[in-house]
Amino acid sequence: MNDTICAIATSQGKGAIAIIRVSGDESIEIVNSIFKGKDLTKVESHTINYGHIIDSTGKEIDEVLVSIMKAPKTFTTENVVEINTHGGIAPTNKVLQLLLSNGCRLAEPGEFTKRAFLNGRIDLLEAEAVMDKINAQTEIQNELATNQLNGKVSNLVDELRNDMIQIISNINVNIDYPEYDDVDIITNDIMLPKLAKFKERISKILKESKNGKIIRNGIKTSIIGEPNVGKSSLLNELLEEEKAIVTDIAGTTRDIVEGQISLNGILLNIIDTAGIRETEDIVESLGVEKSKKMMLESDLVLFMINNNKVISQEVKELISEIGNKNYIIILNKTDLENKANLDELNIDETRIIKMSIKDKKGINELKDKIIELFDISNIEEKDPTYLSNARSIGTLEECLKLTEDVENGVKNNQPIDMVELDIKNIWEKLGTINGTTYEEELLDEMFSRFCLGK
C-alpha cells in the first residue's frame with residue numbers, strides 16, 4: 001500500500017462534472033506536477049483550488065477544481081486529492097492518463113475502501129455498507145446502510161465479543177489464580193446461564209436480521225401457474241407497465257420476465273414464469289422446468305389458479321411442493337363462472353386472494369397480504385439496525401452452533417481449558433464479521449465486487 005492509486009470515481013459518460021480520486025503518500029505532488037495554479041504542496045488541507053490540468057508540453061487539458069485533503073483526516077487516512085473535471089469522456093480519460101504517466105497506479109475495484117479498512121478508518125461491516133449505500137434504491141435501504149456505516153451494527157458484534165471475553169477472563173483467573181477467594185469459581189451453575197444468555201442474544205440478532213436481508217435484497221417473488229391464467233397480466237398490473245407480452249395463445253411466455261416494484265420501501269423482485277403444462281415444444285419445455293426451479297428458489301410464490309377451469313392434477317401436485325414457503329394462492333378470472341374447487345387443495349384459506357385482473361379487482365388486497373406475510377409495516381417503522389448480508393449472518397449462525405457445542409461440553413464436564421479454547425474460537429469467529437480478524441482471500445473477494453474509484 002505504499003504506492004499512489006487513482007481512478008475515476010464518477011460514472012463514465014457525458015455529465016456536468018467527473019471526479020478523479022487519487023490516494024497515497026505522493027498524491028499531492030503528482031497532481032501538482034500536472035496542475036497550473038497554486039502550488040498544491042503549500043495549500044491548506046481540505047481546501048478547493050481553481051486551476052488547469054496541463055500536459056508535459058504545457059498544453060491546457062481542462063479547467064478544474066482540485067480538492068486537497070491531507071492525512072490522516074481523509075477516507076483512506078492517506079493524502080487524498082480529488083480532481084473535478086468537466087464530465088466529458090475525453091477530458092476525464094486524458095487527466096487519468098496524465099496521472100498514470102506521472103507515477104500513479106490505476107486502483108483496483110474497491111481499493112480506496114479497502115485501504116480505509118486496512119488503515120483502521122472503518123471496519124469490515126462499515127466497508128460493506130459503503131457499497132450498500134451506493135446500491136440503495138429505497139429510503140429504508142439507505143437507512144439500513146447508514147446505520148451500518150455509522151457503526152451501529154458493529155456495536156452489536158462488539159457486545160457479543162465482550163460477552164465472550166468476560167467468560168474467557170473468568171476462566172483464566174480460575175486457572176491461573178485458584179488461590180483467590182474473591183473470584184467466582186467457574187461451575188456449571190455460572191457458565192451455563194452465561195452461555196444461555198449469549199445464545200439468546202445471537203438468536204435475537206439472527207431473527208431480526210431476516211428483516212435486514214429483506215431490506216437489502218428485496219423479496220424474490222415468482223408468479224406460477226398454468227398457461228393463460230393471467231401471470232403476465234398480473235406482472236404488468238403490479239409494474240404498471242406493459243413489461244410482458246399478453247395473448248390468448250398458450251405458451252406465449254417461454255422464459256422468465258422480470259420486474260421490480262417498491263412496496264412500502266421493500267423491493268419486490270417479481271418474476272413472471274412460463275406457464276406450467278405438458279408440452280412437446282422443446283423451448284417451452286425448458287421454460288416450464290425453469291419455472292419449477294424458480295418456484296423452489298423464491299422467497300414468495302404467487303400461485304395463480306383459473307377460476308373458470310377445473311383444477312388439474314398437475315396444479316395440485318405443484319401446490320403440494322410449495323411446502324413451508326411463503327405463498328399466496330390467487331384465484332383469477334372471478335368475473336367468469338366458478339369451476340375451480342379450492343376445497344380440493346390442502347391450503348391455508350387466509351392465503352387465498354380472489355382476483356379479476358380484467359376488472360382490476362384484488363390487486364390492492366394482494367399487496368396488503370404481502371405486507372402482512374413479511375411484516376413489512378413493522379419493518380418500516382423500526383430503526384433498521386440489522387446484519388443484512390449472507391456472509392455475516394452465516395458466520396453468526398455458525399457461532400450459535402459452536403455455542404451449543406460448548407454448552408454440551410460444559411454439561412458433560414469437559415475440562416475447563418478445552419472449554420476456554422472453544423470459547424476463544426467463537427470470539428475469533430465473531431471478529432471476522434466486523435474484520436477484527438480476517439483472511440486476505442476474504443478481503444480480495446469482497447472488495448472485487450466494488451466499483452472502481454470507491
Side-chain angles (χ1 to χ4, degrees), residues 1-119 121-122 127 130-131 133-134 440-441 443-454:
M1 295 210 308
N2 294 325
D3 49 357
T4 298
I5 58 174
C6 66
I8 300 171
T10 47
S11 298
Q12 293 199 45
K14 294 180 181 179
I17 62 168
I19 298 174
I20 301 164
R21 178 176 289 166
V22 188
S23 180
D25 292 342
E26 299 178 358
S27 58
I28 298 174
E29 287 77 10
I30 291 174
V31 174
N32 193 54
S33 69
I34 61 170
F35 180 75
K36 184 172 74 173
K38 291 182 180 179
D39 184 347
L40 298 177
T41 63
K42 296 179 180 178
V43 301
E44 294 292 324
S45 181
H46 293 77
T47 59
I48 299 175
N49 304 274
Y50 170 80
H52 294 80
I53 297 296
I54 58 173
D55 64 16
S56 58
T57 66
K59 179 182 177 182
E60 291 185 359
I61 303 302
D62 198 12
E63 184 181 31
V64 297
L65 292 173
V66 177
S67 301
I68 299 295
M69 293 161 278
K70 297 181 181 179
K73 294 183 178 181
T74 68
F75 179 61
T76 61
T77 77
E78 304 169 337
N79 287 337
V80 172
V81 180
E82 290 185 352
I83 305 171
N84 289 254
T85 71
H86 289 92
I89 295 173
T92 308
N93 286 338
K94 181 61 178 178
V95 174
L96 181 65
Q97 179 186 334
L98 287 171
L99 289 170
L100 294 173
S101 61
N102 279 272
C104 285
R105 170 177 64 79
L106 187 64
E108 297 173 357
E111 190 170 359
F112 291 95
T113 309
K114 184 177 182 180
R115 288 191 175 199
F117 165 70
L118 292 174
N119 291 334
R121 171 69 172 73
I122 56 176
V130 171
M131 203 60 197
K133 194 83 172 171
I134 294 170
E440 193 65 36
E441 293 80 4
L443 296 188
D444 292 341
E445 192 279 329
M446 192 189 92
F447 286 107
S448 68
R449 300 195 298 267
F450 279 52
C451 52
L452 284 172
K454 197 57 187 172

Problem - Test salt bridge (Lys or Arg N to Asp or Glu O under 4.0 Å) applied to K114 and E440, step by step - result: CA-CA 11 Å; K114 184 177 182 180; E440 193 65 36; 3.6 Å; yes
Handout entry: Polar side-chain atom of D55 near backbone of T57 as donor-acceptor pair, under 3.5 Å
Key = yes
Completion exercise
In short, A18 meets T92 closest at the heavy-atom pair CB-OG1, 3.5 Å
Exercise for the section: Answer yes or no: does atom CG of L106 have more than 12 heavy-atom neighbours from other residues, nucleotides or ligands under 6.0 Å? Expected result: yes
Handout entry: Inter-residue atom distance R105.CZ - E111.CD, 0.5 Å rounding
Key = 4.0 Å
Handout entry: Whether T74 side chain and K70 backbone form a donor-acceptor pair below 3.5 Å
Key = no
Problem - Pairwise side-chain contact, L118 with L443, heavy-atom cut-off 4.5 Å (strictly under) - result: yes
Problem - M69 CE to I28 CD1 distance, which is reported to the nearest 0.5 Å - result: 9.5 Å
Problem - side-chain contact (heavy atoms from CB on, under 4.5 Å) assessment of S27 paired with V80 - result: CA-CA 6 Å; S27 58; V80 172; 5.8 Å; no
Problem - Closest non-hydrogen atom pair, N79 against A71 - result: OD1-N, 2.9 Å
Exercise for the section: May I ask you to decide if R121's main-chain N or O and T77's side chain share a donor-acceptor pair within less than 3.5 Å? Expected result: no
Problem - For F447, ring-ring contact (aromatic ring centres under 6.0 Å, His included) partners two or more places apart - result: F450
Exercise for the section: Measure from the side-chain N and O atoms of S33 to the backbone N and O of I30, and report whether any donor-acceptor pair falls under 3.5 Å. Expected result: yes
Fill in the blank from the handout: Of all heavy-atom pairs linking I68 and N49, the shortest is CG1-ND2, 3.7 Å
Problem - Side-chain donor or acceptor of N32 paired with backbone N/O of D39 under 3.5 Å - result: no
Fill in the blank from the handout: Closest heavy-atom pair, P109 versus S448, reported as atoms and distance to 0.1 Å, is CB-O, 3.8 Å
Completion exercise
Interatomic distance, NE2@H52 vs CD1@I61, rounded to 0.5 Å, equals 11.0 Å
Exercise for the section: Kindly say whether E78 contributes a backbone atom to a donor-acceptor pair with the side chain of N119 at under 3.5 angstrom? Expected result: no
Fill in the blank from the handout: OG1 (T85) and CD1 (I8) are apart, to the nearest 0.5 Å, by 8.0 Å
Problem - I5 side chain near R115 side chain, heavy-atom distance below 4.5 Å - result: yes
Problem - Least distance between heavy atoms, F112 atom then T76 atom - result: O-CG2, 3.4 Å
Exercise for the section: Any chance you could measure N84, atom CG, to S67, atom OG, to the nearest 0.5 Å? Expected result: 5.5 Å
Problem - Y50 side chain near E63 side chain, heavy-atom distance below 4.5 Å - result: yes
Exercise for the section: To the nearest 0.5 Å, tell me how far I83 CD1 sits from I34 CD1. Expected result: 5.0 Å
Exercise for the section: Would you kindly say whether T4 and E26 are connected by a side-chain donor-acceptor distance under 3.5 Å? Expected result: no
